[in-house]
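One structure is given here, and the rest of the page talks about it.
Residue numbers start at 1 and run along the sequence shown.
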Amino acid sequence: PYQFSSPASTSNASSKPTISREAIQRKADVVAALKGQLSRLAESERRNAAGGAGSSNGGGGDAAMVTAVRRKAEEVRAQLAAAEADHARLTSEVKYKEVSKKSFKF
């Protein structure tokens with residue numbers, strides 16, 4: 001009988017992942033999650049820098065916490081920049097692929 005092989009085991013399978021609108025949406029979701037995380041970190045930094053009205057430390061804030069939050073926010077900003085660049089690249093590739101497909105029909 002016939003032997004069926006998976007697409008990954010064939011010799012002509014490309015190592016490049018398939019680019020689709022679903023991949024763009026997944027990347028957009030990652031960008032949105034990182035933006036949300038960044039806004040939460042900014043809020044945490046603001047709260048800890050001010051100390052808050054009901055704070056027991058007299059409103060001085062927590063310098064160690066503010067430093068840690070700022071460091072984490074910088075990491076998230078770098079991740080966000082990379083994710084936005086990747087999203088833009090994917091969007092461009094999908095648009096090019098769709099335009100090429102339409103032009104090859106004629």
Show every donor-acceptor pair shorter than 3.5 Å between a side-chain atom in residues 64-78 and any protein atom, with sequence neighbours excluded, or say none if there are none.
residue, atom, partner, partner atom, Å
Thr67, OG1, Ala63, O, 2.8
Arg70, NE, Glu45, OE2, 2.6
Arg70, NH2, Glu45, OE2, 3.4
Glu74, OE2, Arg77, NH1, 2.7

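Once rounded to the nearest 0.5 Å, the distance linking CD of Glu84 with NZ of Lys27 reads 11.0 Å. Note that NZ of Lys102 and NZ of Lys97 are 13.5 Å apart. Values are rounded to the nearest 0.5 Å. Atoms OG1 and CD1, on Thr91 and Ile24 in that order, are 4.0 Å from each other to the nearest 0.5 Å.
Between Glu98 and Lys95 no salt bridge is recorded (no basic side-chain N to carboxylate O distance below 4.0 Å). Taking a cutoff of 4.0 Å between a charged side-chain nitrogen and a carboxylate oxygen, Asp86 and Arg89 qualify as a salt bridge.
Using a 4.5 Å heavy-atom cutoff, the side chains of Glu43 and Arg46 are in contact. Residues Tyr96 and Ser92 fail the side-chain proximity criterion, which asks for heavy atoms closer than 4.5 Å.
Here the shortest heavy-atom pairing between Leu34 and Ala83 reads CD1-CB, 3.9 Å. Heavy atoms only, all atoms of each residue included: Leu90 and Ala23 are closest at CD1-O, 4.1 Å.
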